[in-house]
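Here's the structure, in structure tokens; my notes come after.
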Amino acid sequence: MTLKLGVIGTGAIGQEHIRRCNNVLQGAKVVAVSDINVEGARAALQRLNIQAEVYADGHQVIQSPEVDAILVTSWDPTHEEFTLAAIAAGKPVFCEKPLALSAEGCRRVVDAEIQHGRRLVQVGFMRPYDAGYRALKKVIVEGGIGEPLMLHCAHRNPTVPENYTTDMAITNTLIHELDVLRWLTNDDYKSVQVVFPRVTSKSHPRLKDPQIVLFETQKGVRIDVEIFVNCAYGYDIQCEVVGETGIARLPEPASVQLRSEARLSTTILTDWKDRFIEAYDVELQAFINDVKAGVLTGPSAWDGFAASVAADACLKAQQSGAIEPVEMPPRPAFYDKQ
């Protein structure tokens with residue numbers, strides 16, 4: 001069976017997902033798309049050499065009898081609306097992060113899914129599908145370094161545009177660590193503090209860069225994450241887990257080692273799409289396979305909610321400078337049995 005997909009939003013990430021679903025992955029094809037810029041959507045399909053129905057409204061995609069499952073890759077403020085509509089229509093939905101703009105919005109999605117009675121939502125957190133993170137998780141689960149005690153992490157971008165602001169370091173950048181570090185440690189956050197070192201000269205007046213975010217988890221693990229989005233030298237993701245009996249580090253991306261001009265060097269990537277392109281492929285193939293099997297196993301609406309609760313606490317900590325609590329309610333049994 002070929003899974004027929006509808007894609008809401010044909011911007012950069014939407015076009016990437018349309019391309020991979022039709023040309024790279026197995027068992028699915030995009031049959032309908034929508035975008036507020038209808039002509040832009042048509043032009044995108046033409047560039048990709050893909051035939052699909054084009055709608056002006058994402059709700060038309062959801063209601064189309066030709067569409068089996070939905071990919072939401074539209075403007076962030078629309079994610080909650082379209083995900084709720086997909087649940088109401090009983091159609092599985094892959095929603096790029098964020099699931100909603102607030103923890104309250106994410107909770108509305110969680111409640112709607114529970115009311116429906118079956119998991120329909122997967123959130124687009126791709127790092128748990130990255131081969132390096134999976135290898136790191138395997139070491140932890142198998143006890144290769146004993147119980148984790150501390151994590152030292154970094155999320156560095158070469159540069160960001162002028163419209164990138166201090167809060168976006170949390171909502172657009174750290175949000176990936178907020179999810180993957182919960183997954184790595186199998187633990188929720190207890191508290192968070194944000195501190196600001198000296199600001200880089202490569203920043204601008206609306207952006208305090210870099211930032212250091214300090215977490216304590218419910219089990220007492222201490223985590224520090226450096227966010228440095230104007231580091232200039234490349235796109236660099238680091239994660240070191242310090243355990244009771246050893247240390248495990250996230251593998252570096254494969255790169256040819258070069259000996260030239262009296263230097264020993266390896267290339268550092270500069271584009272996030274290149275760093276995690278294989279993870280995106282694995283992530284969406286898993287979603288396709290799970291929908292066809294009738295059971296979703298990827299990052300859930302509850303994971304999206306948990307990341308949003310932590311993000312809200314981080315934003316508060318940015319303003320207060322204090323240690324702020326991360327107040328997570330108990331996980332619903334609905335997500336334990338899925």
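Residues: numbered from 1 along the sequence shown.
- Looking only at distances, a side-chain donor or acceptor of Lys91 sits under 3.5 Å from a matching main-chain atom of Ile62.
- For the pair Ser255 (side chain) and Thr266 (backbone), a donor-acceptor distance under 3.5 Å is absent.
- Taking all atoms of both residues into account, the shortest heavy-atom contact from Met126 to Ala279 is O-CB, 3.7 Å.
- Surrounding NZ of Lys29 are at most 12 heavy atoms belonging to other residues, nucleotides or ligands under 6.0 Å away.
- Atom CD of Gln238 has more than 12 heavy atoms from other residues, nucleotides or ligands within 6.0 Å.
- Under the rule for a side chain to side chain contact (heavy atoms under 4.5 Å, CB included), the partners of Gln60 that lie at least two apart in sequence or sit in another chain are Tyr55, Asp57.
- Note on Arg182 versus Asp303: salt bridge recorded, some NZ/NE/NH1/NH2 to OD/OE distance being below 4.0 Å.
- Crowding of Asn49 atom CG: a count of heavy atoms from other residues, nucleotides or ligands under 6.0 Å not exceeding 12.
- Under a 4.0 Å N-O distance rule, the pair Asp111/Arg107 qualifies as a salt bridge.
- Scored by the ring-ring contact (aromatic ring centres under 6.0 Å, His included) test, His155 finds Tyr235 as partners (sequence neighbours excluded).
- The closest donor-acceptor contact from the side chain of Thr73 to the backbone of Ile8 lies under 3.5 Å.
- Annotation for Cys314 and Val194: closest pair O-CG2, 3.7 Å, computed over non-hydrogen atoms.
- Ile227 and Val213 get closest at one heavy-atom pair: CD1-CG2, 3.7 Å.
- More than 12 non-hydrogen atoms from other residues, nucleotides or ligands lie less than 6.0 angstrom from NZ of Lys219.
- A 4.5 Å side-chain heavy-atom check between Tyr129 and Phe287 finds every atom pair outside the cut-off.
- Judged by distance alone, with hydrogens and angles left aside, the side-chain atoms of Thr245 form a donor-acceptor pair with the main-chain N or O of Gly146 at under 3.5 Å.
- Note on Val61 and Ile36: separate hydrophobic clusters, where clusters join Ile, Leu, Val, Met, Phe, Trp and Tyr whose side-chain heavy atoms are under 4.5 Å apart, directly or indirectly.
- The closest donor-acceptor contact from the side chain of Asp68 to the backbone of Lys4 lies under 3.5 Å.
- No chain of hydrophobic side-chain contacts below 4.5 Å, direct or via other Ile, Leu, Val, Met, Phe, Trp or Tyr residues, connects Val282 to Leu284.
- More than 12 non-hydrogen atoms from other residues, nucleotides or ligands lie less than 6.0 angstrom from CD of Glu240.
- Note on Phe305: it clusters hydrophobically with Phe334, by side-chain heavy-atom contacts below 4.5 Å among ILVMFWY residues.
- For Thr166, the side chain to side chain contact (heavy atoms under 4.5 Å, CB included) partners at least two apart in sequence or on another chain are Phe196, Leu207, Lys208, Gln211, Gln318.
- Relative to the ring axis of Phe228, Arg156 does not place its NZ or CZ within 45° and under 6.0 Å from the centre.
- Salt bridge annotation for Arg20-Glu16: present, with a cationic side-chain nitrogen under 4.0 angstrom from a carboxylate oxygen.
- Leu99 and Ile114 end up in the same hydrophobic cluster when Ile, Leu, Val, Met, Phe, Trp and Tyr side chains are linked at under 4.5 Å.
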TODO: Step by step, work out the side chain to side chain donor-acceptor pair (under 3.5 Å) result for Asn289 and Gln285.
DONE: CA-CA 6 Å; Asn289 295 347; Gln285 186 66 69; 3.0 Å; yes
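- Ile268 has its side chain within reach of Tyr233: a pair of non-hydrogen atoms, C-beta onward, lies under 4.5 Å apart.
- Taking both residues in full, the closest heavy atoms of Pro197 and Pro210 are given as CD-O, 3.3 Å, listed atom of the first, atom of the second, then distance.
- In this structure a side-chain-to-backbone donor-acceptor pair under 3.5 Å is present from His79 to Glu96.
- Applying the ring-ring contact (aromatic ring centres under 6.0 Å, His included) test to Phe215 and every residue at least two apart in sequence or in another chain returns Tyr189.
- Two residues are said to be in side-chain contact when any heavy atoms from C-beta on lie closer than 4.5 Å; Cys239 and Leu136 meet this criterion.
- Side-chain contact between Asp187 and Pro148 is absent, with no heavy atoms from C-beta onward closer than 4.5 Å.
- Within the structure, side chain to side chain donor-acceptor pair (under 3.5 Å) contacts touching residues 196-206 (residues at least two apart or in different chains) do not occur.
- When all heavy atoms are compared, the tightest approach of Val291 to Ala69 is CG1-CB, 4.5 Å.
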Task: Stepwise side chain to side chain donor-acceptor pair (under 3.5 Å) check, Glu226 with His152 - done: CA-CA 8 Å; Glu226 170 202 320; His152 306 300; over 6 Å; no
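- Contact annotation: the side chain of Leu101 never approaches that of Glu80 to less than 4.5 Å [non-hydrogen atoms, C-beta and beyond].
- Criterion: ILVMFWY side-chain heavy atoms under 4.5 Å apart, direct or through other members. Under it, Val192 and Leu214 are not part of a common hydrophobic cluster.
- Of the possible donor and acceptor atoms, none in the side chain of Asp35 sits under 3.5 Å from a partner among the backbone N and O of Ala41.
- Proximity of Ile145 to Ile247: side-chain heavy atoms (C-beta onward) are nowhere separated by under 4.5 Å.
- Note that CG of Leu5 and CD1 of Ile18 are 10.0 Å apart. Values are rounded to the nearest 0.5 Å.
- Rounding to the nearest 0.5 angstrom, the gap separating the CG atom in Leu269 from the CD1 atom in Ile237 is 10.5 Å.
- The distance from atom OG1 of Thr297 to atom CG of Asp290, rounded to the nearest 0.5 Å, is 3.5 Å.
- Evaluation of the side chain to side chain contact (heavy atoms under 4.5 Å, CB included) rule for Leu149 yields Glu244 as partners, not counting sequence neighbours.
- By the 6.0 Å contact criterion, CH2 on Trp75 is open, its count of non-hydrogen atoms from other residues, nucleotides or ligands being 12 or less.
- Looking at heavy atoms from C-beta onward, Trp302 lies in side-chain contact with Met328 at the 4.5 angstrom threshold.
- Expressed to the nearest 0.5 Å, how far OG of Ser308 lies from CG of Leu315 amounts to 9.0 Å.
- The distance from atom CG of Leu174 to atom CG of Asp179, rounded to the nearest 0.5 Å, is 11.0 Å.
- Within the 4.5 Å cutoff, the side chain of Thr171 has no heavy atoms near those of the Pro98 side chain.
- Although no hydrogens or angles enter the test, the distance criterion places a donor-acceptor pair under 3.5 Å between the side chain of Glu113 and the main chain of Val121.
- Between Ser34 atom OG and Phe82 atom CZ the span is 6.0 Å, to the nearest 0.5 Å.
- A salt bridge links Arg42 to Glu39: one of the charged nitrogens lies within less than 4.0 Å of a carboxylate oxygen.
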